[in-house]
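What follows is a short report on a single structure.
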Amino acid sequence: MEKQQILVIHGGNAFNTYEEYLEFLKNMEPNPDFLKFGSFKNWKKSLKENLGENYEVLSPQMPSASNAKYIEWKIWFEKLFPFLTDNIILIGH
C-alpha cells in the first residue's frame, strides 16, 4: 500500500515594495519565547508521528518566507512536482 502524501506549506509575508518589507522589519517586535529552543510545540514536526506509518508528510522550506515572491515560490513548486503523488493532501498554513 502506497503511503498517503501530505504536503504542508507554511505561508509567508508578502509586500508590494522592498521599502514596505524593510519598514515591517523595523517595526516588528520579536517574541522572546520563540527564541528559546523547545519553547513551543510545533504541530508540523509532530504531524508524521501523530498520523502514523501510513502517511508521508512533506514540509519543504519555501524560499524567502519573510518576503515571499510569487515567481520564486512558483519555481520551487515546479521543482517539487516530480516528487508528489496523485491524491496528495495539501495543507496551507
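Note that the coordinates shown come from a computational prediction; the quantities given were computed from them, not determined experimentally. Side chains included, hydrogens not; waters and symmetry mates left out as well; all remaining heavy atoms used.
- Taking Lys74 as the reference, Glu78 meet the salt bridge (charged side-chain N to carboxylate O under 4.0 Å, His left out) condition, with sequence neighbours excluded.
- A pairwise comparison of heavy atoms in Leu80 and Leu84 identifies O-CG, 3.5 Å as the closest pair.
- Under a 4.5 Å side-chain heavy-atom criterion applied to ILVMFWY residues, the cluster that includes Ile71 comprises Ile75 as well.
- When the side-chain hydrogen bond (donor to acceptor under 3.5 Å, both in side chains) test is applied to Glu23, the partners found at least two apart in sequence or on another chain are Asn27.
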Please test Ile91 against Leu7 for side-chain contact (heavy atoms from CB on, under 4.5 Å), starting from the C-alpha separation and ending with a verdict.
CA-CA 6 Å; Ile91 299 175; Leu7 178 63; over 6 Å; no
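- Residues in residues 10-22 take part in these side-chain hydrogen bond (donor to acceptor under 3.5 Å, both in side chains) pairs, two or more places apart or across chains: His10-His93.
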Side-chain donor/acceptor pairs under 3.5 Å, residues 51-68, sequence neighbours excluded:
from, atom 1, to, atom 2, distance (Å)
Glu56, OE1, Gln5, NE2, 3.0
Ser64, OG, Glu72, OE1, 3.2

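- Atom CH2 of Trp76 has 12 or fewer heavy atoms from other residues, nucleotides or ligands within 6.0 Å.
- Across Thr85 and Glu2, no two heavy atoms sit closer than the pair CG2-OE2, 3.4 Å.
- With sequence neighbours left out, Phe24 forms a ring pair (Phe, Tyr, Trp, His ring centres under 6.0 Å) with Phe15.
- Summarising the geometry of Ile88 relative to Gln4, their closest heavy-atom pair is CA-NE2, 3.8 Å, with the distance given to 0.1 Å.
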